[in-house]
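Hydrogens, waters and symmetry mates play no part in the numbers below; they use all other heavy atoms, side chains included. Just follow the structure's listing: the first ligand is 1, and inside any ligand the first atom is 1. We number each residue from 1, following the sequence as shown. Treat the numbers as computed from the prediction; the structure is a model and nothing was measured.
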Amino acid sequence: MKEDILQNLENINQRIINACKKAGRNPDEVQLLLATKTVSAERIQIALEKGYTLIAENKVQELKEKYENLKAIPHNNHFIGHLQTNKIKDILKYDVTCIQSVDRLDLAEKLHQKLLTENKTIEVLIQVNTSNEESKFGVDPENAIELIIQISKFSTLHIKGLMTIGLFSAETEKVRSCFKILKNLQEEIIQKDIPNVEMKELSMGMSGDMETAIEEGATIIRVGTAVFGTRTLPDTYYWDERNTEE
Ligand SMILES: *Cc1c(COP(=O)(O)O)cnc(C)c1O
């Protein structure tokens, strides 16, 4: 079990290196984030101890459950799931440094209000729905810039870039077009030079499509299955609007 995880991590590293070579990029530009939904704290620890310290959960409940067991090993927690406004209070208890899934103004506003009262700030990425699938979260590309302009006014939120989940398809070129949409949007936003908005990060690519994402400019890839094995819960449990926690 431990050996499997370590071997998988090595394989992912090699895949990053190969993809970067192909794309003419420096592997240091691509951070590996481990998507740890459904994975036990014990198994996450194996990766943390090996130095893979950027991890992310999809649900506040899971973040909470694993928090005590992971606390002893220094690491960096991002959040990549759909965030309900009624979970804001909770998420701020668990040292999340970046919420990658900010996709609507009311969420940003409530987050800002809460952060103000706690005298804290947080990094965020704006999640964009580049695949046009009804069931996926994220702001539509055509509304993204307006949303970012509005969110940029909240002093406690530091926008660091964009996040997307690519289309689930075996057709690489269709997946690639999602990543291109995100990259183009990033460039358009950089042009606008909006105060309090950085566009350094492009979080895109997962176990099945990380090479394509790296070729299109990903700076953070989010990998779960390829490190920890297949999950028992289907991803629709995490991604589908109809299945969100209340
Ligand atoms: C689960 C998840 C991932 C990782 O997916 P894998 O296919 O297991 O690598 C990446 N991003 C998000 C938002 C996820 O929920």
Side-chain polar contacts of residues 160-171 - donor-acceptor pairs under 3.5 angstrom, sequence neighbours left out - could you list them?
unit_1: Lys160; atom_1: NZ; unit_2: Glu198; atom_2: OE2; d: 2.7
unit_1: Thr164; atom_1: OG1; unit_2: Val128; atom_2: O; d: 2.6
unit_1: Thr164; atom_1: OG1; unit_2: Thr130; atom_2: OG1; d: 2.8
unit_1: Ser169; atom_1: OG; unit_2: Glu171; atom_2: N; d: 2.9
unit_1: Glu171; atom_1: OE2; unit_2: Lys174; atom_2: NZ; d: 3.3

Side-chain donor-acceptor pairs under 3.5 Å in residues 147-158, sequence neighbours left out?
unit_1: Gln150; atom_1: NE2; unit_2: Glu146; atom_2: OE2; d: 3.1
unit_1: Ser152; atom_1: OG; unit_2: Ile149; atom_2: O; d: 2.6
unit_1: Thr156; atom_1: OG1; unit_2: His112; atom_2: ND1; d: 2.7

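For ligand 1, the atoms sitting less than 4.0 Å from at least one non-hydrogen atom of Arg222 are 4 (C), 9 (O), 10 (C), 11 (N), 12 (C), 13 (C), numbered in the order shown with element in parentheses. Each of the following atoms of ligand 1 lies closer than 4.0 Å to a heavy atom of Val223: 9 (O). Listed by number with element, the atoms of ligand 1 under 4.0 angstrom from any heavy atom of Ile80 are 11 (N), 12 (C), 13 (C), 14 (C). Residue Asn58 has at least one heavy-atom neighbour below 4.0 Å for each of these atoms of ligand 1: 14 (C), 15 (O). Heavy-atom proximity to Lys37, at under 4.0 Å, picks out these atoms of ligand 1: 1 (C), 2 (C), 3 (C), 14 (C), 15 (O). The Arg231 neighbourhood of ligand 1 comprises atoms 1 (C), 5 (O), 6 (P), 8 (O), with distances under 4.0 Å to a heavy atom of that residue.
None of Leu34, Asn11, Asp4 except one satisfies the side chain to side chain contact (heavy atoms under 4.5 Å, CB included) rule with Val227; the exception is Leu34. Tested against Glu215, the residues Arg25, Lys21, Lys22 include a single salt bridge (charged side-chain N to carboxylate O under 4.0 Å, His left out) partner, Lys22.
When all heavy atoms of Phe79 and Ala56 are compared, the pair lying nearest together is N-CB, 4.4 Å.
For ligand 1, the polar-atom distance check finds an N/O of Gly224 within less than 3.5 Å of one of the ligand's N/O atoms.
Scanning Thr225, Leu34, Asp209 for the heavy atom closest to atom 8 (O) of ligand 1 points to Thr225.
By the neighbour-count criterion of 12 heavy atoms within 6.0 Å, atom NZ of Lys200 is sparsely surrounded, having that number or fewer from other residues, nucleotides or ligands.
Here Ala35 has side-chain heavy atoms under 4.0 Å from ligand 1, and that is the only part of it that gets that close.
Here the straight-line distance linking atom NZ of Lys110 with atom CG of Leu105 works out to 10.0 Å at 0.5 Å rounding.
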